[in-house]
Amino acid sequence: MIDLKLLRASPGQVRAALARRGDPALTRLLDEIEALDMKRRTLTAQLDTLKAERNDAAKADALAAKSQGGLPAAIVAERKKLGDRITALESELRQIETTLEAKALFVPNSPLSDVPDEVTVLRSWGTPAPKGGKPHWEIAEKLGILDLPAGAKLAGSGFPVLKGQGARLARALINFMLDLHTREHGYTEVEPPFLVRREVMIGTGQLPKFEADVYRTTDDLFLIPTAEVPVTNLHRDEILDGTTLPVGYAAYTPCFRREAGAAGKDTRGLLRVHQFDKVELVRFCRASDSPAEHEKLTGHAEAVLRRLELPYRVAVLAVNDFGFAAAKTYDLEAWAPGVGQWLEVSSSSTFTDFQARRANIRCRSRPGEKPEFVHTLNASGVALPRTIAALLETNQQPDGSVVIPPALVPYVGTDRIA
RNA sequence: GGACAGGUGGGUGAGCGGUUGAAACCGCCGGUCUCGAAAACCGGUAUGCCCGCAAGGGUAUCGAGGGUUCGAAUCCCUCCCUGUCCGCCA
């Protein structure tokens, strides 16, 4: 949520930062917001004066009513007039505030100043295998661990079915990742609801703008597109004790996304699906700590790929290329030699106070101090389908079998899927 | 799903339609006392918005949103949530 006070205090600065996102419609939106904010303040001032008048009168009337057993009709009429005026102005104000909020919810987060104009690869790890070999869907189909037609029969395209060692592999990855993050990175494991209320989706920024991308149930609950949604909102409307920050949560959930993608190369196999599993990392910290926290968080996601011995690279996304709510995003891309692509298996973002404002998550550094908004961050740690794709393609053998990386062997229960 | 009972500040818990942001207790912070601590005592302890450089002032908030009224924590309506019993069920 945009900071209206900041917009008021330094409109030039706010506009310049948002302009980098390259959306020309934003300027007009900000104009409207500024005008509404102005109206709101004028009206609020008027109303407060009238209400002060009413409160003073009510106190006097209370005494009079008690001693005289009632109020003169003239007084009652006068008070009623004042009351009616207040009611009228209040409904006007309410309408302005509703409109203002509706518009404000469509303003994206301001990118941090160190976000580049072009996507930039920052570092890479491991030695990518030469492009070649089979794509993961061919490997998996041959091994009988992936059944795309079965998924299509049940729910349509984009709903893969994992079978046998494939299902086992998915479960192994989930357990491996959760163990890593909870035991070595200090995260608290959470299993949240997979359906959430509308306001929860608004809190993290999926709504109101991206309603078309998410699934909604008939009783107005939404299937989570990521665990970020329920886990970040865990602390909505709270004032956290600043001395306990930062805190981190790790959550496994399925994720549901409609995002209608055209059929074709990118939608083949496991690369883009409507339902997938993911272990998500969410962190809450004080504002001053968030840049360092973002690096730490990204490192936690990287650790997964290193343990799995999957070559990857880290890129900082360009200013016009990352999500609505994010202020800065790193993508982790694992190399998949079969399809010959770097696959985005994790996105690591800092949201500064954008989500905290929407979800009203604050902290107090010391008792008695004014509460301030926390900063929220999250990263996939990591998403399963593309990781499985990279894993299968990287470790495929000439005989069609797939070698399991040592870190995963105890979880899969075998060192090779054949 | 059906029937009741409830939702008050960090917690417990009072509150007749009228100077109630709200008693009391607990907790927390500061102070006195002490070599230090405990105990005791004293004081302070919500958040948003608006005005103001500040000091401060105004206003709103008793689950949420509407309504009645000169005036609502208190009355009415809708919704949300919690508890208990019944039904159903992994």
Side-chain angles (χ1 to χ4, degrees), chain A residues 1-10 33-105 191-203 207 216-222 230 233-245 247 254 353 356-374:
Chain A
M1 176 81 93
I2 185 171
D3 181 353
L4 290 178
K5 281 184 191 164
L6 186 64
L7 178 63
R8 208 180 300 149
S10 20
I33 287 170
E34 278 182 321
L36 284 166
D37 182 46
M38 177 94 86
K39 260 195 198 163
R40 180 180 64 91
R41 279 184 299 146
T42 309
L43 242 126
T44 302
Q46 272 180 39
L47 257 172
D48 282 359
T49 308
L50 291 177
K51 283 176 176 173
E53 211 177 293
R54 179 177 66 181
N55 287 343
D56 288 343
K59 284 176 189 172
D61 289 350
L63 288 178
K66 202 176 265 177
S67 62
Q68 296 160 28
L71 286 173
I75 294 284
V76 169
E78 199 180 312
R79 302 294 187 247
K80 188 166 174 54
K81 217 167 118 190
L82 178 60
D84 288 347
R85 179 121 182 266
I86 288 173
T87 307
L89 284 179
E90 270 180 337
S91 82
E92 195 183 331
L93 176 63
R94 200 156 46 227
Q95 200 198 325
I96 286 171
E97 284 182 330
T98 304
T99 314
L100 177 59
E101 194 190 320
K103 289 187 186 296
L105 286 175
E191 182 174 307
F194 302 157
L195 274 72
V196 295
R197 297 174 196 283
R198 170 168 235 110
E199 59 262 33
V200 171
M201 295 283 277
I202 290 173
L207 294 182
R216 183 162 58 136
T217 68
T218 50
D219 42 6
D220 217 23
L221 290 172
F222 295 84
N233 279 281
L234 224 42
H235 290 305
R236 88 186 338 263
D237 293 322
E238 288 182 16
I239 299 176
L240 303 170
D241 176 356
T243 62
T244 65
L245 297 178
V247 291
D353 62 1
R357 280 178 194 285
R358 288 178 163 239
N360 191 28
I361 309 168
R362 293 173 290 175
C363 73
R364 199 188 324 258
S365 300
R366 253 182 282 275
E369 273 189 17
K370 241 181 104 88
E372 53 182 275
F373 288 110
V374 300

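In what follows, chains are A, B, ... by sequence order, proteins preceding strands, each numbered from 1.
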Could you state the CG-P distance from A:D237 to B:rG48, rounded to the nearest angstrom?
-> 12 Å

Using the C1' atom on both, measure B:rG2 against B:rG21 and round to a whole Å.
-> 40 Å

Length of the NZ-C1' vector between A:K370 and B:rU47, whole Å | 9 Å

Which base sits across from B:rC49 as a Watson-Crick or G-U pair, both distances under 3.5 Å?
-> B:rG58

In sequence, state the C-alpha distance, the side-chain angles, and the governing distance for A:F373 and A:D3, and then conclude on side-chain contact (heavy atoms from CB on, under 4.5 Å).
-> CA-CA 11 Å; A:F373 288 110; A:D3 181 353; over 6 Å; no

B:rU19 - base-pair partner by Watson-Crick or wobble geometry, distances under 3.5 Å | none

Distance, rounded to the nearest Å, where A:H235 contributes NE2 and B:rG10 contributes P | 17 Å

Separation of A:E90 atom CD from B:rU59 atom C1', in whole Å?
-> 11 Å

Does B:rU78 have a Watson-Crick or wobble partner in any strand here, with both distances under 3.5 angstrom, and which is it?
-> B:rA64

Which one is paired to B:rA40, where only Watson-Crick or G-U wobble pairs with both distances under 3.5 angstrom count?
-> B:rU32

Interatomic distance at P, B:rC81 relative to B:rC26, whole Å = 36 Å

Watson-Crick or G-U wobble mate for B:rG83, both contacts under 3.5 Å | B:rC4

Measure across A:L105 and A:M1 and return the closest heavy-atom pair with its distance rounded to 0.1 Å.
-> CD2-CE, 3.7 Å

In whole angstrom, what separates A:D241's CG from B:rG27's C1'?
-> 14 Å

Check nucleotides 65-74 of chain B against the protein and report each pair of N or O atoms closer than 3.5 Å, with its distance, or say if there are none.
from   : atom 1 : to    : atom 2 : distance (Å)
B:rG66 : OP1    : A:R94 : NE     : 3.3
B:rG66 : OP1    : A:R94 : NH1    : 3.4
B:rC70 : OP2    : A:K80 : NZ     : 3.4

Say you pick atom C1' in B:rA46 and the same atom in B:rG10; how far apart are they, in whole Å?
-> 9 Å

Is the shortest distance from a Lys or Arg side-chain nitrogen in A:K39 or A:E92 to a carboxylate oxygen in the other one below 4.0 Å?
-> no

Return the value, rounded to whole Å, for the distance between atom CZ of A:R357 and atom C1' of B:rC49.
-> 14 Å

Distance, C1' atom - from B:rA22 to B:rU47, rounded to whole angstrom | 15 Å

Could you give me the CA-CA distance, side-chain angles and deciding distance for A:N233 and A:V196, then say whether side-chain contact (heavy atoms from CB on, under 4.5 Å) is met?
-> CA-CA 10 Å; A:N233 279 281; A:V196 295; over 6 Å; no

Length of the line joining A:I239:CD1 and B:rC28:P, which is rounded to integer Å = 19 Å

Result for 5'-nearest mapping on RNA chain B, choosing between A:L47 and A:R197, is A:L47

P-based separation of B:rG43 from B:rA24 [nearest Å] | 12 Å

Separation between the C1' atoms of B:rA73 and B:rU61, rounded to whole Å | 11 Å

B:rC77 and B:rU68: how far apart are their P atoms, nearest whole angstrom?
-> 15 Å

State whether A:R40 and A:D37 are salt-bridged, where the test is any N-O pair (Lys NZ or Arg NE/NH1/NH2 against Asp/Glu carboxylate O) under 4.0 Å.
-> yes

On a whole-Å scale, what distance lies between the C1' atoms belonging to B:rA90 and B:rU82?
-> 24 Å

Establish, with yes or no, whether the OP1 or OP2 oxygen of B:rA46 is under 4.0 angstrom from a side-chain nitrogen or oxygen of A:R364.
-> no

Heavy-atom nearest nucleotide on RNA chain B taken for A:K5 and for A:R362; more 5' hit belongs to A:R362

Do you know which two heavy atoms are closest between A:H235 and A:I361, and how far apart they sit?
-> O-CG1, 3.4 Å

Hey, does the side chain of A:R40 come within less than 4.0 Å of B:rC50's phosphate (OP1/OP2), counting only N and O?
-> yes

Provide, to the nearest angstrom, the distance between the CG atom belonging to A:N55 and the C1' atom belonging to B:rG58.
-> 10 Å

Correct closest heavy-atom pair for A:R358 and A:I202 would be NH1-O, 2.9 Å

What is the minimum heavy-atom distance between A:D241 and A:T243, and which atoms define it?
-> OD1-OG1, 2.8 Å

Which nucleotide, in any strand shown, forms a Watson-Crick or G-U wobble pair with B:rC25, with both distances under 3.5 Å?
-> B:rG11

Starting at OG1 of A:T99, measure out to CD1 of A:I33 and round the result to the nearest 0.5 Å.
-> 11.0 Å

May I ask you to evaluate whether A:R8 reaches the phosphate of B:rC50, defined as a side-chain N or O under 4.0 Å from OP1 or OP2?
-> yes

